[in-house]
Amino acid sequence: MFNASELKIEPVAYLLLIVGALGDWASTRFGVSLGLAEGNTVAASLMNSGQWMTTDFLVIAVCILVPYILNRIVKTKIAGYFIGFPLVAGVIKIGVSLWNLNLILC
C-alpha cells in the first residue's frame, strides 16, 4: 500500500508547502501594495490586524510538524497518509501564488 518513506514523498510535500507559502506571501504582499484587494475575507481581516503572517506561519508549522512527528512515533501505514495534508496544502498555495501573479500581470 502507500508508504511515505518508501516513495520519498515526505520531503517533497514539505518543500511544496514551504515554496507555496513563500510564493503566496510574496505575491499577496506585492499585489496588495499595487492596490489589489485580498479576496479571502479571513486573510484580509488578519492583514488588517497585523496577524496574517503569524497565523499563516503557525498553520504551516502545524501542517509540517504533525505528519513529521506522527511518521516517526507511530509506525503504522495510517501515519503515512498524513503526508497528504502538507502535499495538498502546498499544491493549493502554489496555485494561489500563480493566481496572484496572474492578477498582478493582467
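Residue numbers run from 1 in the order of the sequence given. In this text, all values refer to a predicted model and were calculated from it rather than measured experimentally.
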Mind checking ring-ring contact (aromatic ring centres under 6.0 Å, His included) for F85 and listing every partner two or more places apart, or none if nothing turns up? F82
In chain order, what residues pass the side chain to side chain contact (heavy atoms under 4.5 Å, CB included) check against A44, with sequence neighbours excluded? E38
Establish whether V96 and M47 are linked, either directly or via other cluster members, by ILVMFWY side-chain heavy-atom contacts under 4.5 Å. no
Members besides L105 in its Ile/Leu/Val/Met/Phe/Trp/Tyr cluster (side-chain heavy atoms under 4.5 Å): none
Rounded distance [0.5 Å steps], CD1 in I94 versus CG in L17: 9.0 Å
Side chain to side chain contact (heavy atoms under 4.5 Å, CB included) against N102, all qualifying residues, sequence neighbours excluded: W99, C106
Approximate separation, where rounding is to 0.5 Å, of L34 CG and L103 CG: 11.0 Å
Hey, any chance L98 and I18 share a hydrophobic cluster, counting ILVMFWY side chains that come within less than 4.5 Å of each other, even indirectly? yes
Using distance only, find each side-chain donor-acceptor pair of residues 56-63 under 3.5 Å and give its atom names and separation, not counting sequence neighbours.
unit_1 : atom_1 : unit_2 : atom_2 : d
D56    : OD1    : K93    : NZ     : 3.3
D56    : OD2    : W25    : NE1    : 2.5
D56    : OD2    : K93    : NZ     : 3.3

Is there side-chain contact between N100 and L36, with at least one heavy-atom pair below 4.5 Å? no
I need the full list of salt bridge (Lys or Arg N to Asp or Glu O under 4.0 Å) pairs touching residues 63-74, with sequence neighbours left out, sorted by first then second residue. E10-R72
Rounding to 0.5 Å, atoms CD1 (I83) and OH (Y14) come to a distance of 3.5 Å
Please list, chain by chain and in numerical order, all residues satisfying side chain to side chain contact (heavy atoms under 4.5 Å, CB included) with T55, sequence neighbours excluded. L46, Q51
Name all residues meeting the side chain to side chain contact (heavy atoms under 4.5 Å, CB included) criterion together with S97; count only those two or more places apart in sequence or in a different chain, and write none if there are none. D24, S27
Scan for salt bridge (Lys or Arg N to Asp or Glu O under 4.0 Å) pairs involving residues 25-36, sequence neighbours excluded, and state none if there are none. none
So which residues get pulled into V19's cluster when ILVMFWY side chains under 4.5 Å apart are joined, directly or through others? L15
Atom of N40, atom of V42 and distance for their closest heavy-atom approach: OD1-N, 3.0 Å
